[in-house]
Structures are given as C-alpha cells and as structure tokens.
2 protein chains.
Amino acid sequence: MGKAYNVMAATCPSRTVLHRIGARWTVFVVNALDEGPCRFGELKGHIRGITPKVLTETLRSLEADGLVSRHEYDENPPRVEYALTPLGRSLLVPLRAVRRWAEEHVPDIEAARARRPIA
Amino acid sequence: MGKAYNVMAATCPSRTVLHRIGARWTVFVVNALDEGPCRFGELKGHIRGITPKVLTETLRSLEADGLVSRHEYDENPPRVEYALTPLGRSLLVPLRAVRRWAEEHVPDIEAARARRPIA
DNA sequence: CTGGATCCAAATAGATACTG
DNA sequence: CAGTATCTATTTGGATCCAG
C-alpha cells in the first residue's frame, strides 16, 4: 500500500480535499476549535472580521467533510456547539503548524515585499 | 518577545501571510519544488492541469514574498529555473504535512461526504 | 520555451438587513 | 443566539492568442 493518491495528478480526489483545506477560512475555524467546543457566536467573536454568512458556509463544509461536528441543544435561547471530530483533530496538527509559520514569519515576508520596489 | 502576531486579529499582518499560503496553487508549487529547482515547463507538467497564466501568477506572488527565487539563464531558447529560497524551504515543512494529510485522508473525507444524504 | 495580454465565466467573499 | 436572504464586489480560473 504505497501512495494511492497524488495531489499533482489533475483528477486525483485528493485535490478536492486540498481545495477544502485551502479554503479561505478553514485554517481559522479549525484553529479556533483547538481549545475545545465553541458556540457560533464565540467562534465569530474569536475569528475577528468573519461574517456570519461566511462562517456558516465554512462550518457547513467542514461538517460535510466530517471535520467538525455540530451539536444543537434544545434550549431557548438556542444553543449550538461546534467541535472538531477526531478527523478534524488530525487535520489540526498540520494546520496549527501553518498558522504558527504565518505568525512567525511575518517579518520575513514583509522584508521580502519591501525589497521589491514595485511589483 | 512572546506572540507578537495573531491570525485571529482582524488586522494582523499575519493574515495576509496566511492568505498567500492558502492561495489556490501555493501548496502545489511549493511541494513541486521540494525536489529541487525546476523549469517553468517542468512545473507545468508536474502540476497537472494548471494553466500557464495561473502558474505565472502564483510564481510571481511567491517570488514577491521571498519564498521562491527565479533564475533566468541567458540562453536561446530561453531557460528559467525556479527554486525555493531558505524561507520557502521552511514553509515547505508544514505544507508537505498538509499535502500528506490530504493524500492520506481521501477515504475518510469521501466516507463523510457519502454519509450525508444530500448536501 | 517562457510567459504576457485579453476577455470572460465562475466561484468566493463581504455588507447589510432580517427572522425563528 | 444562530443563523438566512440578498445583493454586490472581488478573486480566481480558464481559453485563446501572441511575442521575445
């Protein structure tokens, strides 16, 4: 059982997976759920600047892919909690690394951009 | 000097960085350059399905951010080689992990998607 | 061979307002 | 609180043709 899938192949299903991971807000949501289950409003507050529409879309996608679970409590006012599934937690490992890389290399990137007079 | 940057903050510059990393084809190009310098045509052949326009755009972006270097040989026919910079190689570490995750978890994702009746 | 230039289609994101 | 509904703006991608 070697490498069954290869993202470099044009029609490999792993591309769809990679596409989902690379979606604009996936990294944010998955990382935000790192510390445990979270309500919709909490997520929205945590991920500054995300709109409810986009957050909903992202959560639905992650849910469809089995990365996030949604638990709706039968209460009033409504309460809904999102959490990472085991699969989602496994994805968290690389995505945490990506996040850290982004946060750690801001100066490097900015320096590189500054070095370019006009792009 | 603790955490200076936080991607969760709406205006943190790390967001721009993360955005660039998450760009559609970044993962592909960086991973394709894993094995060493590569010519334009080789990259295009390696990353099946990418169009020259998109590949060019991606390379320019990565170059502007100091992740990829471009070396133009003064030959005819023209020869241009792209390679990862040290910074790009540091990014390769997490991106390689992301790629591997995508390739390894195709069955899981597909199973999850199949579990959803309509979505 | 390495792309740049154009035009266009489609997917994605954002702003804003509103509802169960 | 937890979303929907709309409408628009931006981004992205693909096709095609062309030039150094």
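Throughout, a chain's letter reflects where its sequence line sits, starting with A, and its residues are numbered from 1.
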Does [X] have any side-chain hydrogen bond (donor to acceptor under 3.5 Å, both in side chains) partners at least two apart in sequence or in another chain, and if so, which?
X       : result
A:Ser90 : B:Trp101
B:His46 : none
A:Glu35 : none

### Inter-axis angle, terminal five-pair segments of the helix from C:dC1-D:dG20 to C:dG20-D:dC1 [nearest 10°]
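Helix axis angle between the two ends: 50°.
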### Query
So which pairs with a foot in residues 68-95 of chain B pass salt bridge (charged side-chain N to carboxylate O under 4.0 Å, His left out), sequence neighbours left out?
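For residues 68-95 of chain B: B:Arg70-B:Glu72, B:Glu75-B:Arg79, B:Arg79-B:Glu81.
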### Query
Does any pair with a residue in residues 47-57 of chain A pass side-chain hydrogen bond (donor to acceptor under 3.5 Å, both in side chains), and if so which ones, sequence neighbours excluded?
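For residues 47-57 of chain A: none.
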Applying salt bridge (Lys or Arg N to Asp or Glu O under 4.0 Å), can you list everything that pairs with [X], at least two apart in sequence or on another chain?
X        : answer
A:Arg20  : A:Asp65
B:Arg24  : none
A:Glu104 : A:Arg100

### Task
For nucleotides 3-9 of chain D, just jot down a letter per nucleotide in 5' to 3' order: B, S or -, based on protein non-hydrogen atoms under 4.0 Å.
BB-B---
### Message
Using heavy-atom distances to pick each residue's nearest nucleotide on DNA chain C, tell me which of A:Pro78 and A:His19 is more 5'.
### Response
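The answer here is A:His19.
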### Message
Can you list everything that forms a side-chain contact (heavy atoms from CB on, under 4.5 Å) with B:Asn31? Sequence neighbours excluded, please.
### Response
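Only A:Met8, B:Val27, B:Leu92, B:Leu95, B:Arg96, B:Arg99 meet the side-chain contact (heavy atoms from CB on, under 4.5 Å) criterion with B:Asn31.
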### Task
On DNA chain C, reading 5' to 3', which nucleotide is the first and which the last to sit with an atom under 4.0 Å from a heavy atom of chain B, could you check?
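Counting from the 5' end, contacts occupy C:dC1 to C:dT12.
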